[in-house]
Every structure is written in C-alpha cells, then in structure tokens.
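Both ligands and their constituent atoms are indexed starting at 1 by order of listing.
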Amino acid sequence: MSEAPNSSENSSKHFDELYDEIDHWEVNTGEETIHAKRMPGRFRNLKWLAASVWLVFFIGPYFRWEGRQAITFDIMGRQFHIFDITILPQDVWMLSLILLFFAILLAAVTSIAGRVYCGYFCFQTVWTDLFTWIEEKLEGKPAARRRAEKLPLSQQRLPRKILKHIIWIMIGAFTGISFTLWFGDAFEMWKAYFNNDVTMWAWGSVIVFTSFTYLFAGFMREQVCLWLCPYARIQGVMVDVDSIMPTYDFHRGEPRGRLKKGKHDADKGDCIECNQCYAVCPTGVDIRNGQQEGCITCGLCIDACDSVMDKINKPRGLVKYMSLDELNGKEQPPIYKRPRPLIYMSIMTLAAIGILYGLTHLGALELSVLHERSPLFVLQSDGSIQNKYELKILNKTHKDMKIGVRAEGHQSLTLVGADREIIAQPADTASFTVFVRIPKKELAGERESLSFKIYNLEDDKISAEYKSMFFGPRIR
Ligand code: SF4
Ligand code: SF4
C-alpha cells in the first residue's frame, strides 16, 4: 500500500499547479496601450460592414415624413413619433417590450456566438476602431507608434498628434450633437446650435458625449470592454460549451514551432509562432491560450492566422469560429436542440407578438367614456330617460382632427350634444359631455348595451369605439 502524501505536500502541489495556471492567464490591466495591427480579411470587412449600420445614427434624424422629422423622441411633449406611429406615455408598455426584446436578443446572440455584438456592433468597439484607424493614418503603423511612445515628443510628431486629438474631439462632438438631434427637429436644432440657442440639456449632452467618446475610444479603449462594461461581467453565464467563438485548434497547432530557414518542421504542429493572431487583437488576447473573457469575438485573429496559413500552404482554420465541444471532437447540436437559445428565443417571440399586437392596435384615435353615476338617469318631461356621459378623446397624430360622434345600440336612442364642432388637438386629450335619451316605453330592461363611436370627419377610417351601458328605471 503506497504511503499517502502528507497535507503540506498536497497544498504545495496545489499551489504549484495554481501558479502554473495563473502564469498562463492573460489579464490585460491596461499598463500598455494596445496598438493592434490591421490586416485585411473576411472578418475585417464584415466588421466595417457591421460598423456602417451606425450611419443610421448620424443620418436618421434628417429623414422627413409628412413634413416633419420621421423619428423624434419628443421628451418635453412626452411622445415618440416613428413615421406614422405616435407612442404616448400610455403606450410605454410597448417600449418596455421593445427593450426586453433587444435585451433578450443580446442574450440569445451571446449564447450562440459569444460577444459577437461587442466585436461588430458595440459603439465602444466601433468608435475605438475608427479612432485607432485615424491614429494609424497620422502616426504610423503599430510598431512605429510603440517605438515613438518610448521617445520624448519631437517637434516633428507634435503637429500630427495635435491633429489626431482635434479630429477625435470633433468626432466626439459630432456624436453628441447627432444624439441630441433625435430629440427635436434636426434642421432647426443645427440652426439653434449655430445661434447658441439650444437648451442647457442639449449642451450638457454634447459635452458629456464629447468627453466620454474622447476618453473611452481615444484612451481607455479595450479597458472599457474588459473592466467597465456590465455586459462583459454577465456574458459568462450566457455562453456554454456549444457557443461558437474564435478558438485555436490546439490539436492541429501544437506543438508549435517556428519555421527554420523558411521550412516547416514535420514534427511540429501547424502553429509557427508568428504571433500574428496576438498582434491584431484589439483587446490584447492571445487566443492560443483558449477562449477568454476578454475576447470580443471580432474574428480578426482568424483573418490573421488564415493569411499565415495561406503563405505556408496549410489549410485555413487553425483559428476559427467553433465551440469547445466541436474542438473536443463532439458533435455540435443544432440551435433548436439547445435549451439556452430556445428559452431566449421563446421570450423574444412573446415580446415580438406583444410589440406586433401593440403596433397593429395603436389607432390614431383613442376613446374612453365615463358614465355619470349621480344621478344614474333622469326622467325627462317628454317621457324619455336621459343618461349623461363624458367622452375623452385622444388624438395620437400630429395634426388637428375634426371629430364626429355616433352612439349605437338602441334603435330609438337620440344623441344630444354631439352636433357641435369638436376639434381634437394633436397628441392631446379633449373632453366633452353628451347625453343619450331613449323613450321609457322603448326600454326592454334596466340596462341596455350601448356603444360610442368617434371618427375623423375628414377620413372616417380613423375611428375609435367604446362600449358602455345605458341605465333606466326598474321595469315591473
Ligand atoms: S497566427 Fe496562427 S500560426 Fe501564427 S501564432 Fe497565431 S495561431 Fe500560430
Ligand atoms: S482573440 Fe481574436 S476574436 Fe477575440 S478579440 Fe482578439 S482578435 Fe478578436
């Protein structure tokens, strides 16, 4: 029987293993600025294409619809206009569903492909990519920038550095101004900016956006993704062994070894230790150490490694999008067999149904009717029973509307008080009182169903209906 190791030996072995493991961790704490190399490739093109979606943010406020800005978030007027649709505070449940939909979409995408949103769409990575592109154009390639960083600032470099910071600040300011344009009329707001006639809120937003864009995209860069972004903190619970992320195929790559006299050593794996995958990484991750939290799934290391494989006549895909299960030779289950994406997609479907219902049921007019309770009814001198109602009409469009009113439900009813001109102001509620009279002898019971219908006198397709009751005396 072999002798059991004593506890101090055990703990020393444990710590040796632990330190060995820690030695292999890549934790970027921002001591050094990352100057990632730029290489052409499929994922680089895809990254630019995805980033171009952000053009909508800049040009969106200039789209017009029926003489006004197509999409406006009118905070002061407490209404959102999206083309023909006006969303008022009472429809805010729909905005909540839209937010829920996008939050769950983010979770679903993460469970399928990791931080792919970060790598391709997130404003932090997109703006950082743009800022570093400008930096490269003005201050040279990464190696030159790294060398220059170690030297005192020369008069030769100074003008380019100043120009870089001016361009960065201008991009930040343009981002801030573009943000505020969504909350008013873009053309009017530009005039107001030039005349210094915008609110303190607008100036405040521009200052905040300019400062944070300059700071985050110019200086903090990947540190925001690693240490500030809350999504980075929670994404770990959304991914699993079936999530497809950039992964180094160590079965094929190891043992790695450099080319000798341009020749590949037959005893070595396909990785030639060129470090190109590491050099292009915008977050400073060495993907050969395995899938990591700092990886924003941008695929740039795949482009880099593929170009190396092309040069040494090896098949592409030493680094590629794959899951840990795939890496370990297991079959990748289809998405519809994975519980995590399925749960996310079910929630998204429910939210989408709610949004669709809301959009198709958001009429341009809304009606609510309050029945006068005290008294419930009045007996008129002509023998008819009269009920009193207060109609509240909400016009959800951006134009005045002339309103017609009808009451239906009893063949002998008379509607009194609806023959005057009723104007509903845009995005406002109008209240007025009407009376309904029914001859007492025509009443079949103590209560009769009744409905009120309002419609736009200029376009009766725009209408709304409300079901109410008519009350009379007890019939003996
Ligand atoms: S780019 Fe490819 S070959 Fe070069 S170090 Fe990275 S994994 Fe190895
Ligand atoms: S490891 Fe590859 S995919 Fe991940 S962030 Fe770096 S370059 Fe992008």
Side-chain angles (χ1 to χ4, degrees), residues 24-28 30 32-48 50-51 109-110 112-122 124-126 128-129 132-133 142 221-227 229 231-232 235-236 239 243-260 262-265 267-324 327:
H24 288 87
W25 283 356
E26 292 284 333
V27 182
N28 175 353
E32 274 185 40
T33 306
I34 289 177
H35 294 292
K37 187 172 172 181
R38 282 172 183 270
M39 288 178 84
R42 289 174 295 159
F43 295 105
R44 165 44 73 189
N45 293 342
L46 192 61
K47 201 165 155 58
W48 280 126
V109 168
T110 309
I112 294 167
R115 292 176 74 175
V116 73
Y117 164 78
C118 305
Y120 293 91
F121 290 106
C122 173
Q124 173 61 21
T125 40
V126 169
T128 302
D129 206 26
T132 51
W133 180 79
R221 301 183 183 178
E222 82 291 344
Q223 295 301 308
V224 176
C225 315
L226 298 178
W227 307 113
C229 174
Y231 170 56
Q235 53 114 11
V239 294
S243 304
I244 299 162
M245 294 195 273
T247 307
Y248 168 66
D249 184 353
F250 66 88
H251 300 297
R252 188 185 141 190
E254 301 295 319
R256 61 185 89 158
R258 290 171 185 257
L259 293 180
K260 286 189 188 136
K263 293 264 166 55
H264 194 261
D265 187 342
D267 294 338
K268 301 282 184 192
D270 280 355
C271 175
I272 58 165
E273 278 201 285
C274 63
N275 280 344
Q276 293 303 295
C277 49
Y278 181 48
V280 296
C281 180
T283 61
V285 164
D286 186 344
I287 196 65
R288 289 167 301 170
N289 292 340
Q291 293 180 348
Q292 290 157 64
E293 194 185 323
C295 173
I296 54 169
T297 324
C298 65
L300 297 181
C301 52
I302 301 179
D303 279 344
C305 191
D306 280 351
S307 78
V308 174
M309 292 297 115
D310 288 350
K311 279 184 196 134
I312 62 168
N313 288 323
K314 294 270 178 189
R316 289 180 164 202
L318 177 56
V319 181
K320 66 175 180 180
Y321 275 101
M322 68 173 149
S323 69
L324 288 177
L327 177 69

- Task: Could you verify whether a donor N or O on one side chain and an acceptor N or O on the other, from Y231 and T110, lie under 3.5 Å apart?
- Result: yes
- Message: Go through it in stages, so that I can follow the logic: the residues are D306 and R42, the test is salt bridge (Lys or Arg N to Asp or Glu O under 4.0 Å), and I'd like the CA-CA distance, side-chain angles, deciding distance and then a yes or no.
- Response: CA-CA 10 Å; D306 280 351; R42 289 174 295 159; 2.9 Å; yes
- Message: Assess, by modelled atom type and distance only, whether the side chains of Y117 and Q235 contain a donor and an acceptor separated by less than 3.5 Å.
- Response: no
- Heavy atoms of Y278 and G284 approach each other most closely as CE1-O, 3.4 Å
- Item | Per-atom contacts of ligand 1 with C274, taking only distances under 4.0 Å to non-hydrogen atoms | 1 (S), 3 (S), 4 (Fe), 5 (S)
- Task: Below 4.0 Å from any atom of ligand 2, which residues have a heavy atom? Give them in chain and number order, please.
- Result: P246, C281, P282, T283, V285, I287, C295, I296, T297, C298, G299, C301
- Message: Tell me whether ligand 1 is touched by R256 - counting only heavy atoms on the residue side and a distance under 4.0 Å.
- Response: no
- Task: Name all residues meeting the ring-ring contact (aromatic ring centres under 6.0 Å, His included) criterion together with F43; count only those two or more places apart in sequence or in a different chain, and write none if there are none.
- Result: Y321
- Query: Should the pair D310-R316 be classified as a salt bridge under the 4.0 Å nitrogen-to-oxygen rule?
  - Reply: yes
- Do NZ/NE/NH1/NH2 and the carboxylate oxygens of D303 and R44 come within less than 4.0 Å? no
- Item | Donor on one side chain, acceptor on other, T125 and R221, under 3.5 Å | no
- Using a strict cut-off of 4.0 Å, indicate which atoms of ligand 1 neighbour a heavy atom of N275. 4 (Fe), 5 (S)
- Message: Only heavy atoms of M309, strictly under 4.0 Å: list the atoms of ligand 1 that pass.
- Response: 3 (S)
